[in-house]
Amino acid sequence: MTDTPFHCGFVAIVGRPNVGKSTLMNHLIGQKISITSKKSQTTRHRVTGIHTEEAAQFVFVDTPGFQTYHKGALNEALNKSVKDSLGSVDCVLFLLEAMRFTAADREVMALLPKKTPVILVVNKLDKAKDRLTLQAFIDEVTAEFPFAGVEVVSAKHGQRLAELLDQVRPHLPESMPLYPEDMITDKNERFLAAEIVREKLFRYLGEELPYEMNVEVEMFELDGALRRIHIAVLVDKEHQKPIVIGRAGEKLKKISTEARLDMEKLFDGKVFLQVWVKVKSGWADDVRFLREFGLD
Ligand code: GDP
Ligand code: K
Ligand code: MG
C-alpha cells in the first residue's frame with residue numbers, strides 16, 4: 001500500500017523526419033495494442049500512445065500540424081498550430097540524432113515552446129563515437145535553447161528509456177489516470193485495419209513496394225458481430241498494379257488473407273475483407289491528402 005499521489009500528463013514527441021520518433025514511441029508503449037476503450041474522455045490532443053505505471057500515466061500525443069511537416073513545408077499557419085499544441089502539453093521531447101544537427105532540426109527547434117519544459121533527447125546513441133564528441137555535440141545544441149533536461153537514448157535498441165521516463169515524470173501534474181491502464185492507443189479500428197494491410201504490403205512486396213502507395217478504407221461496417229471492410233490500395237501508376245496483385249492474383253490474395261486473420265484476432269470477431277488496387281494519379285503532391293492519411 002502506498003499513498004504516493006498519481007501523476008498523469010501529456011507528452012509531445014517532436015523532431016524532423018527520421019530522428020526516430022515512431023521507434024521511440026513504440027518502445028515506450030510496448031507492442032500490444034488494446035482497443036478495448038475506443039473513446040477517449042478528453043481532449044483536444046490526438047493520443048498516439050499511453051504508458052502507465054504504478055503511480056504515473058504518460059499520454060503521448062501528436063502535434064497537429066506536425067503530421068504535414070515534410071521537406072521544409074512549414075508555413076505560418078502550420079507554425080502557429082504547432083506552437084499552440086506544444087504550448088498546451090505538460091512536457092515536450094525534442095528528438096535529435098546523435099552527431100547530426102541539421103537545418104531541418106533547427107527549423108523544428110524554432111517552434112519549441114518557451115513555457116513548457118522541453119527535454120532534449122539525443123537518439124541513436126549507437127552512432128556516437130565516444131563520450132567526448134557526444135558531450136561536445138550536446139554542448140553545441142544546449143547552447144541554443146534552455147532545455148529542462150537532456151537524455152541520450154537508443155530508441156531502436158531500447159537503451160536508457162527508463163532514464164528518459166525518469167526525466168519526464170516530474171513534469172507530469174498530479175492527476176488521476178485519464179485512460180484505462182491496459183489501453184495504449186485510441187486509434188480506432190478503421191485506422192488499425194488500414195495499418196494491418198499496410199504492414200502486409202511492406203512484408204510481401206519488400207523491394208518491389210511502389211514508392212508512392214497508400215491504403216484507403218472505403219467501407220467499414222458493423223453487421224452484428226461481423227465487420228465488413230473494403231480497402232483500396234492506391235498506387236500512382238497503372239503499371240504498378242500488377243506488382244501488388246501478383247501472378248494470378250496470388251500476392252494480393254496472400255496479403256488480404258493474412259490481414260483478415262490479424263484483424264479477426266485484434267477485433268476479436270469475424271471479418272469479411274476485400275482488398276483491391278486502384279490507380280490514383282497526382283495525389284502525392286496533395287497536402288490535404290497527406291494529412292488525411294496522417295503521413296509525416
Ligand atoms: P521518425 O520519422 O522520426 O518517426 O523516425 P523512425 O522512428 O521512423 O526512425 C527512422 C529510422 O531511424 C529507422 O530506420 C529506425 O530504425 C532508425 N532508428 C531509430 N532509432 C534508432 C537508434 O537508436 N539507432 C539507430 N542506429 N537507428 C535508429
Ligand atoms: K519515418
Ligand atoms: Mg514516424
Side-chain angles (χ1 to χ4, degrees), residues 11-31 33 45-51 58-74 78 82 85-86 89 91-112 118-131 133-135 137-138 141 150-165 167-168 184-185 187 191 194-196 198-199 201-203 205-207 209 211-215 284 287 290-291 293-296:
V11 182
I13 302 179
V14 303
R16 67 156 163 85
N18 282 325
V19 285
K21 299 181 295 297
S22 303
T23 310
L24 179 65
M25 171 79 75
N26 289 339
H27 273 85
L28 288 172
I29 65 179
Q31 298 305 317
I33 288 180
H45 299 296
R46 194 161 76 114
V47 175
T48 56
I50 299 165
H51 168 75
F58 302 69
V59 184
F60 297 99
V61 295
D62 257 4
T63 310
F66 239 93
Q67 296 98 289
T68 52
Y69 175 82
H70 59 109
K71 293 187 215 116
L74 286 178
L78 237 43
V82 170
S85 58
L86 288 185
V89 296
C91 183
V92 176
L93 304 183
F94 173 59
L95 252 71
L96 280 184
E97 198 175 313
M99 316 315 294
R100 287 191 68 192
F101 189 28
T102 67
D105 293 312
R106 284 200 163 80
E107 212 182 319
V108 177
M109 201 174 180
L111 299 171
L112 295 176
V118 180
I119 293 171
L120 171 64
V121 181
V122 179
N123 186 31
K124 311 199 186 181
L125 161 63
D126 50 298
K127 292 201 168 180
K129 281 192 212 76
D130 55 69
R131 266 168 196 280
T133 42
L134 184 60
Q135 189 55 53
F137 175 79
I138 291 170
V141 178
V150 181
E151 196 52 67
V152 182
V153 303
S154 170
K156 189 173 170 183
H157 303 292
Q159 285 172 302
R160 300 192 56 83
L161 301 185
E163 285 83 352
L164 176 58
L165 292 175
Q167 294 233 23
V168 178
I184 64 167
T185 179
K187 285 193 166 147
F191 175 88
E195 280 293 288
I196 287 170
R198 204 172 284 141
E199 188 229 320
L201 287 163
F202 272 97
R203 174 166 311 164
L205 299 184
E207 295 283 287
L209 191 77
Y211 178 64
E212 284 165 349
M213 185 197 72
N214 225 308
V215 172
V287 171
L290 289 174
R291 185 175 299 157
F293 284 95
L295 296 182
D296 62 9

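All heavy atoms count here, side chains included; hydrogens, waters and symmetry mates do not. Indexing begins at 1, ligand by ligand and atom by atom, following the structure's order.
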request  = Check side chain to side chain contact (heavy atoms under 4.5 Å, CB included) between Q167 and all other residues, then give those that pass, not counting sequence neighbours.
outcome  = I119, E151

note = Quick note on ligand 1: atoms under 4.0 Å from a heavy atom of A155 include exactly 20 (N), 23 (O)

message = Any non-hydrogen side-chain atom of L24 less than 4.5 Å from a side-chain atom of L161?
response = yes

inquiry  = Tell me whether ligand 1 is touched by P17 - counting only heavy atoms on the residue side and a distance under 4.0 Å.
reply    = yes

note = ligand 1 to K127, heavy atom cutoff 4.0 Å, flagged ligand atoms 26 (N)

Best match, N18, V19, V14: closest heavy atom to atom 2 (O) of ligand 1 = N18

query = Going from CG on D126 to NE2 on H157, what distance comes out if it is rounded to the nearest 0.5 angstrom?
reply = 4.0 Å

message = Side chains of E199 and L201, heavy atoms from C-beta outward: is any pair under 4.5 Å?
response = no

query = Evaluating non-hydrogen atoms only, which member of V153, T23, I13 is closest to atom 9 (O) of ligand 1?
reply = T23

inquiry  = Using side-chain heavy atoms (C-beta onward) and a distance below 4.5 Å, is F58 in contact with L165?
reply    = yes

ask   = Who's closest to atom 17 (C) of ligand 1 heavy-atom-wise, of Q159, K124, R160?
value = K124

query = Has ligand 1 got any nitrogen or oxygen that is less than 3.5 angstrom from a nitrogen or oxygen of L125?
reply = no

request  = Applying salt bridge (charged side-chain N to carboxylate O under 4.0 Å, His left out), name anything that partners K127, two or more places apart in sequence or on another chain.
outcome  = E97

